[in-house]
Amino acid sequence: MAEINKSYEAGEVEKRWYAAWLEKNAFSARVELGRESYSIVIPPPNVTGVLTMGHVLNNTLQDILVRRARLEGKSALWIPGTDHAGIATQTVVERELRKEKKTRHDLGREKFLAKVWAWREEKGGIILEQLRRLGASCDWDRTQFTMDPAYSRAVLTVFVDLYRKGRIYRGKRMVNWCPGSLTALSDEEVDMRPVKGLLYRVRYELVDEPGAYIEVKTTRPETIPGDVAVAVHPDDPRYQAWVGRKVRRPLGPAADLPIIADAAVDREFGSGALKITPAHDRVDFEIGQRHGLVPVDVLNPDGTMNDFAGPVLAGLERFAARKKAAQLLKDSGALVAEEAYENNVGYSERAGVPIEPRLAWQWWLRYPRVDEAKAAVSEGHIRFFPERWTKVYLHWLDHIQDWCISRQLWWGHRIPVWYRAGLDREKLTEADLGDPEKVHVSIDGPRDKTGWVQEDDVLDTWASSWIWPLATLGWPDELAMARAGFEYFYPTTTLVTGPDIIFFWVARMIMAGLEFARPGEPLMNCIPFKNVYFTGIIRDAQGRKMSKSLGNSPDPLDLIAKYGADGLRFGIVSIAPQGQDIRFQEDRIESGKNFCNKLWNAARFRQMSGPMADNATLVAIYDRLRPQDFDGDDHAILDRLLATTRDLDRCFADFEFSAAVQAIYGFFWNDFCDWYVEVSKTKLQSPALRDNCLAIQDLVLRQTLLMLHPFIPFITEELWHLLGYGPAGQFIEDARLSNASQVTAVGTSHGLVLNTDAAAEVGRVKQTVSLLRALKAESGEAASKQSVLVVEAADRQWDAIESNLPMLKRMLGAAGITRGPLTPHAPAVVTAHGTWNLIPQQRGDPAAEKSRLARELEALAKHVAGTQARLANEAFVSKAPPAVLEGARKQLAELQAKHAEVSRLLAALG
RNA sequence: GGACGCUUAGCUCAGUUGGUUAGAGCACCUGCUUCACACGCAGGGGGUCACUGGUUCGAGUCCAGUAGCGUCCACCA
């Protein structure tokens, strides 16, 4: 066994072990009947993506789950991959083209796509390399891309199937049009932002009564040329007589617009009259439909005004047109006023520009299995952590709208629909769509494609990633499914993702799973995952979302270089409580690194303390324990080890990762290193006690490494081997992590029954040590100074001291501890183990000593009074449970005794 | 307009079913190169648990309301 170096070199160790894991295929998961399966699909990052702190958190958690599952003996699979990310990727490549002053149209569809693929080959998927640096134990041989041939086929299979079921249809409806990326978007891709602007009051003159006007308020005067009516509420008394009459359009091509009545109009807003522009507003469109009005579209797809806006506005960009329109209205006297106004405007999530409601032919999906998707979650087949997201999920499903799945992009899955050449696609009827001679829908297209033209649009990226858990396991190809282990691994166990994509992805995956996984089978067999863990969002120190544009996101690779992958992992998990957003603080990552260093040095201490023995199994270590030689500290540390093991089991059951990390941290650092290792130092001097003590250290270290391994895989693997805890040629994950009851069972079979009373006594000894150390510190004696201590103790107390004498001398830094009468004026402290004197080397400060004791007495008196008052309360005595009552009485007795003793000391000072 | 979350030490946050004097990390102060670790050890200071009421013998914890911050949903031009 190699000697453990003084400091832990993360970089070298991480590189070495990751290579070893890959070489031995440690992450490849096989179907092993009789063994429980555990599976996770990665939320596929964009192929353009680079690792962010969000990815670090998300993927660390997945890795923790998968590695823990392996240690529990499950066949654990983590499927990696990337998403083609339609708009994002196309934008990246178009940006490169722009440097050459070209657009995609200069290349044409085919050449442009070749360029995107070339880009993807060269630069795509960097993020998967970065995940390896983090230690992600994905089964890399199964890496998938949403545009892989097999995956694409699965996507098209779904389209054709849903089309044949009548769930996918083509329709001309209002869409969210992005003038930046020139495509339609789904409702989920639109962000509402409050925008400060102007509200224009415009008057429309009555045709049959010149000089009389109806006034409307609008934020968009440039759309007036697209007005086809003015609407009022049918019950509005002010306008009863106006309905049916006509007004002149105050801007753009001259026209007489009817005044109509519609209940959608809000009487309270402005004058109670609304201009109707069906081509550019959803509500207007609906009102227009109800009244048989023909929309007038005054905008081009790129957001400039077209000829229907009239010669003055035509060609202007929409916001320039707004200013111009206002000016024109002002000139003609139609503009009554401009008021400052703030309203909500929809923005394209990707392009960051205001979207335009626009009438366009698109492909739509009527979601399948909506009711089942609700039931799957509300009936608990799928559990959300934290649970509160179920409400958000159910609410969305309750108000679900058809999904616009077509995008006017080139990068993506091209919709598998072919039209007979020469057909005018703007004028296709229902009948045309149903006529196989005119429109063909299939995965591979018509056998002879001459005379057919394929649909230009591609599918929304989410319309491919919604089948991720299915297609990554080979669906729908039966051979591929058998090879991938679909039967064994589906449904997957847990999904780890952010709540921001609960609609985009989580809900849709559930519906897709229910529709396609195992038709006809019960819900629980069809769901894509059993648990969904929603992480928090990582924010910067100011609470802002981390983003590339703000430049407030640290580069995880820099952090890995600085603190090690393990340090980063430990740190990020420790600050990520369930479901709360996280404020990133680098010092927490640093403390992750410090923990690794502590672990490393504790292992080093073990190695330096004595020869290593058989540590290959829990049983082998227990064979070396000598329960008859156990002292209180031995009992206490194993008791705490068991409690921590139990805590961890619970944390994993409840997805409480940061609590898990904190539990091990506290146990290992405080209970083991600060106390047990320190008291070991005297035991190790004694030949009779040494071997038992080393065995206990091995037991604690081995179990701790196993518990920690999912969180910090590299250093634990390294120490596992350096300490010889597993056979050479095997990894730590080839060992099994025993849970608390298993550990207890092994102990019992070895005649070990933990004495919890002894463990509790250790708590009191720690308290006494702490008080005496404080006494030294306050008396100005260095902790390392070999002090002289005298204790006035009852026999029972002295017995406890005497039996721990060497240990106490070491822990207290005492040259001698003797029993005897107190020395007046020497610093003193009252403990559970008698009243102690620190014999000062030089004359102390009686005044300081006096005031110290007086302060303590005051605090005790207050506490005594409080407890007495509680016990004097009749209601408390009669209603509190006996255990609480007894605790209070015992406490009072102890406090009173201590109070009396401190009073005595004070009196002795005079 | 609706829903959800948050408010605890200087900072960032824990606090499971109500029960001794509310905890951690960092920061701060004091002492210490004690033979695993200065990425460390020992000790210390620091909080009216946002506010108001209620339930209870007992509330950081349960209930109602208020305020501030945040997130999501929603067609008021």
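Residue numbering restarts at 1 for every chain, and letters A, B, ... go by the order of the sequence lines. Basis for what follows: all heavy atoms, side chains included, without hydrogens, waters or symmetry-related copies.
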Between [X] and [Y], is any side-chain donor less than 3.5 angstrom from a side-chain acceptor?
X: S591(A); Y: K593(A); result: no
X: K776(A); Y: S787(A); result: yes
X: T497(A); Y: W505(A); result: no
X: Q685(A); Y: T682(A); result: no
X: Y204(A); Y: D227(A); result: yes
X: W396(A); Y: E188(A); result: yes
X: Y200(A); Y: E339(A); result: no

For a quick check of understanding: with a heavy-atom distance under 4.0 Å over all strands, which category does [X] fall into, base, sugar-phosphate or nothing?
X: D281(A); result: nothing
X: S658(A); result: nothing
X: D266(A); result: base
X: P357(A); result: nothing
X: V677(A); result: base

Pairwise [atom1] distance for [N] and [M], with rounding to whole Å:
N: rC4(B); M: rG18(B); atom1: P; answer: 22 Å
N: rU48(B); M: rC11(B); atom1: P; answer: 13 Å
N: rC39(B); M: rG45(B); atom1: P; answer: 26 Å
N: rA9(B); M: rG46(B); atom1: P; answer: 14 Å
N: rC13(B); M: rC57(B); atom1: C1'; answer: 33 Å
N: rA22(B); M: rC63(B); atom1: C1'; answer: 22 Å
N: rU61(B); M: rG53(B); atom1: P; answer: 14 Å
N: rG19(B); M: rA74(B); atom1: P; answer: 41 Å

task: Show the numbers, then the answer: is there a side chain to side chain donor-acceptor pair (under 3.5 Å) between S770(A) and Q767(A)?
output: CA-CA 5 Å; S770(A) 206; Q767(A) 186 77 43; 5.8 Å; no
In this structure, how many angstroms lie between the [atom2] atom of [N] and the [atom1] atom of [X], rounded?
X: N670(A); N: rG23(B); atom1: CG; atom2: P; answer: 14 Å
X: D187(A); N: rC72(B); atom1: CG; atom2: P; answer: 16 Å
X: R282(A); N: rC75(B); atom1: CZ; atom2: P; answer: 7 Å
X: L568(A); N: rC39(B); atom1: CG; atom2: C1'; answer: 16 Å
X: F269(A); N: rC75(B); atom1: CZ; atom2: P; answer: 16 Å
X: N343(A); N: rA74(B); atom1: CG; atom2: P; answer: 17 Å
X: I572(A); N: rG25(B); atom1: CD1; atom2: C1'; answer: 15 Å
X: I664(A); N: rG25(B); atom1: CD1; atom2: P; answer: 16 Å

message: On the side chain of E678(A), is there an atom forming a donor-acceptor pair with the base of rA36(B) - under 3.5 Å, no angle test?
response: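 Side chain to base: pair found, below 3.5 Å.
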statement: Its contact letters, B for base, S for sugar-phosphate only and - for none at protein heavy atoms under 4.0 Å, make nucleotides 10-15 of chain B read -SBSS-
Opposite nucleotide pairing with [N], Watson-Crick or G-U, both atom distances under 3.5 Å:
N: rG70(B); answer: rC4(B)
N: rC35(B); answer: none
N: rG43(B); answer: rC29(B)
N: rC57(B); answer: rG19(B)
N: rC75(B); answer: none
N: rC49(B); answer: none

Below the 4.0 Å mark, does [N] have OP1 or OP2 next to a side-chain nitrogen or oxygen of [X]?
X: Y341(A); N: rA77(B); answer: yes
X: W675(A); N: rC41(B); answer: no
X: K391(A); N: rC72(B); answer: no

Can you tell which of [options] lies closest to the side chain of [X]?
X: V884(A); options: rG19(B), rC57(B), rG25(B); result: rG19(B)
X: W669(A); options: rG40(B), rG43(B), rC57(B); result: rG40(B)
X: A875(A); options: rG25(B), rG43(B), rC57(B); result: rC57(B)

- request: Select from G887(A) and K681(A) the residue whose nearest nucleotide in RNA chain B is closer to the 5' end of that strand.
  value: G887(A)
- prompt: Are K683(A) and M807(A) side-chain neighbours, meaning at least one heavy-atom pair lies under 4.5 Å?
  reply: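 K683(A) does not reach M807(A) side chain to side chain.
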- prompt: Does CD belonging to E886(A) count more than 12 external heavy atoms closer than 6.0 Å?
  reply: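 No - once you tally the heavy atoms of other residues, nucleotides and ligands closer than 6.0 Å, there are 12 at most.
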task: Within residues 594-601 of chain A, find the residues that approach RNA chain B with a heavy atom at under 4.0 Å, and present them sorted by residue number.
output: N594(A), N597(A), K598(A), N601(A)
task: Would you please classify the geometry between the F655(A) ring and the Y533(A) ring as parallel, tilted or perpendicular, with 30° and 60° separating the classes?
output: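 Y533(A) vs F655(A) ring planes: parallel.
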message: Does N176(A) form a side chain to side chain donor-acceptor pair (under 3.5 Å) with R282(A)? I'd like the steps, not just the answer.
response: CA-CA 10 Å; N176(A) 306 297; R282(A) 264 177 207 235; 3.1 Å; yes
